[in-house]
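In what follows, chains are A, B, ... by sequence order, proteins preceding strands, each numbered from 1.
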There are 2 protein chains.
Amino acid sequence: VISRSKGYTAERELVIKLWRLGFAVMRAPASGAKIKKAKYPDVVAIKSGKVLIFEVKSRSKLGSIYLHTAQIQKLREFAERASGVAYIAIRLPGSEWRFIPLEALEKVSESRYRISKELITGAETLDELLRRLKLIRTLDDFLEGSI
Amino acid sequence: VISRSKGYTAERELVIKLWRLGFAVMRAPASGAKIKKAKYPDVVAIKSGKVLIFEVKSRSKLGSIYLHTAQIQKLREFAERASGVAYIAIRLPGSEWRFIPLEALEKVSESRYRISKELITGAETLDELLRRLKLIRTLDDFLEGSI
């Protein structure tokens with residue numbers, strides 16, 4: 001299936017980025033596996049006691065993204081159990097990534113949430129997200145000598 | 001492959017146990033996947049800020065278990081990155097589980113570690129492990145009213 005392999009490639013790219021930044025990273029079993037992917041988030045990354053949970057979406061062009069309520073609930077439950085924070089990780093053309101926290105999602109019906117085009121373009125990049133969470137060092141950190 | 005599906009069943013059993021105990025649990029992609037399982041531990045479980053990492057071995061009878069050095073190094077690196085603790089989780093007949101911390105493993109050559117039969121029989125059960133780590137409540141906790 002084309003869409004599955006596209007998602008697979010995006011997940012793999014995110015896993016490699018996070019691993020290189022020093023995270024412990026796990027990917028979920030592929031959706032074709034007997035235990036359905038529905039149970040697990042796509043990627044979980046752990047560093048310095050913080051747990052980041054990602055549902056990965058890959059898009060070849062910018063536009064609204066819709067998610068099922070069940071998928072959001074799964075992410076929320078996992079995040080609560082792990083005392084972590086869950087994000088929708090969106091891979092755009094040119095390997096541009098944007099990260100949307102669950103709370104920012106807009107519920108448009110009983111069964112669906114939407115991420116608008118505007119929300120995606122205004123969202124944090126991986127670098128911005130990790131700096132805000134103090135999971136990568138800024139130049140200031142080095143200058144302050146807090147190494 | 002028979003041994004893979006046996007390992008798969010054991011992993012699944014451990015995942016379900018830990019999920020029921022309130023953990024956030026991830027299973028690694030199956031060994032047949034393009035991204036090799038060699039990169040990931042079999043199971044990662046998170047609760048109350050603690051990260052437990054498991055390599056799962058299923059045995060139909062009690063005996064020494066051998067592990068490759070590379071596998072141990074992978075677990076050690078993951079545990080360090082996650083600030084977690086790694087265990088070899090052994091499933092014995094009758095759904096008996098035993099948990100051996102990495103430090104208890106005996107290096108028998110450059111390429112192999114051994115877990116002796118005696119080490120397995122003397123090892124902690126899941127219940128004992130989780131009580132020691134204070135990840136499940138004991139009757140005493142309830143009696144002391146520390147709920």
Side-chain angles (χ1 to χ4, degrees), chain A residues 1 4-56 73-86 135-136, chain B residues 1 4-56 73-86 135-136:
Chain A
V1 183
R4 193 207 291 173
S5 68
K6 194 176 67 177
Y8 180 93
T9 305
E11 280 173 39
R12 187 169 178 275
E13 188 181 304
L14 183 60
V15 164
I16 291 168
K17 276 179 193 288
L18 292 166
W19 185 262
R20 287 188 180 144
L21 290 166
F23 283 81
V25 195
M26 278 285 273
R27 257 188 64 237
S31 29
K34 268 191 216 162
I35 291 192
K36 282 158 202 98
K37 195 160 179 174
K39 274 189 57 174
Y40 303 102
D42 290 330
V43 175
V44 175
I46 314 167
K47 189 181 172 184
S48 308
K50 283 179 183 155
V51 180
L52 308 187
I53 296 134
F54 302 103
E55 195 71 16
V56 177
Q73 280 167 343
K74 170 196 75 175
L75 288 169
R76 198 172 282 143
E77 175 163 15
F78 196 98
E80 276 170 18
R81 283 167 171 256
S83 307
V85 194
L135 288 171
I136 51 176
Chain B
V1 184
R4 193 206 291 173
S5 69
K6 193 177 68 179
Y8 180 94
T9 304
E11 281 173 38
R12 187 167 178 278
E13 186 180 305
L14 184 60
V15 164
I16 291 168
K17 275 179 194 289
L18 291 165
W19 184 262
R20 288 190 179 144
L21 290 167
F23 284 82
V25 195
M26 278 284 273
R27 257 187 63 235
S31 30
K34 268 192 216 162
I35 291 191
K36 284 156 201 98
K37 194 159 181 174
K39 275 189 57 175
Y40 303 102
D42 290 330
V43 174
V44 175
I46 314 167
K47 190 180 173 185
S48 308
K50 283 180 184 155
V51 181
L52 308 187
I53 297 135
F54 301 104
E55 195 72 16
V56 177
Q73 280 167 343
K74 170 195 76 177
L75 288 168
R76 198 172 280 143
E77 175 162 16
F78 197 98
E80 276 171 19
R81 283 167 172 255
S83 307
V85 194
L135 288 171
I136 50 176

**Message:** Less than 4.5 Å to any heavy atom of chain B: does that hold for the side chain of A:Glu80, its backbone, both, or neither?
**Reply:** neither
**Fill in**
Closest heavy-atom pair, B:Asp42 versus A:Met26, reported as atoms and distance to 0.1 Å, is O-CE, 4.3 Å
**Request:** Go through B:Ile46 and A:Ile46 one step at a time and tell me if the side-chain contact (heavy atoms from CB on, under 4.5 Å) criterion holds.
**Result:** CA-CA 10 Å; B:Ile46 314 167; A:Ile46 314 167; 3.9 Å; yes
**Item:** Part of A:Phe78 within contact of chain B (heavy atom distance under 4.5 Å)
**Value:** both
**Prompt:** Which atoms form the tightest heavy-atom contact between A:Tyr40 and B:Val15, and what is the distance?
**Reply:** OH-CG1, 3.5 Å
**Complete:** Nearest heavy-atom approach of B:Pro29 to A:Ala28 is CG-O, 3.8 Å
**Item:** Nearest-0.5 Å distance, CH2 of residue A:Trp19 to CZ of residue B:Arg81
**Value:** 4.0 Å
**Item:** Structural part of A:Val51 lying under 4.5 Å from a heavy atom of chain B
**Value:** side chain
**Complete:** Hits for side-chain hydrogen bond (donor to acceptor under 3.5 Å, both in side chains) against B:Glu13, two or more places apart or cross-chain, chain-then-number order -> B:Arg91, B:Ser95, B:Trp97
**Message:** For B:Phe54, give me all partners under ring-ring contact (aromatic ring centres under 6.0 Å, His included), at least two apart in sequence or on another chain.
**Reply:** B:Phe99
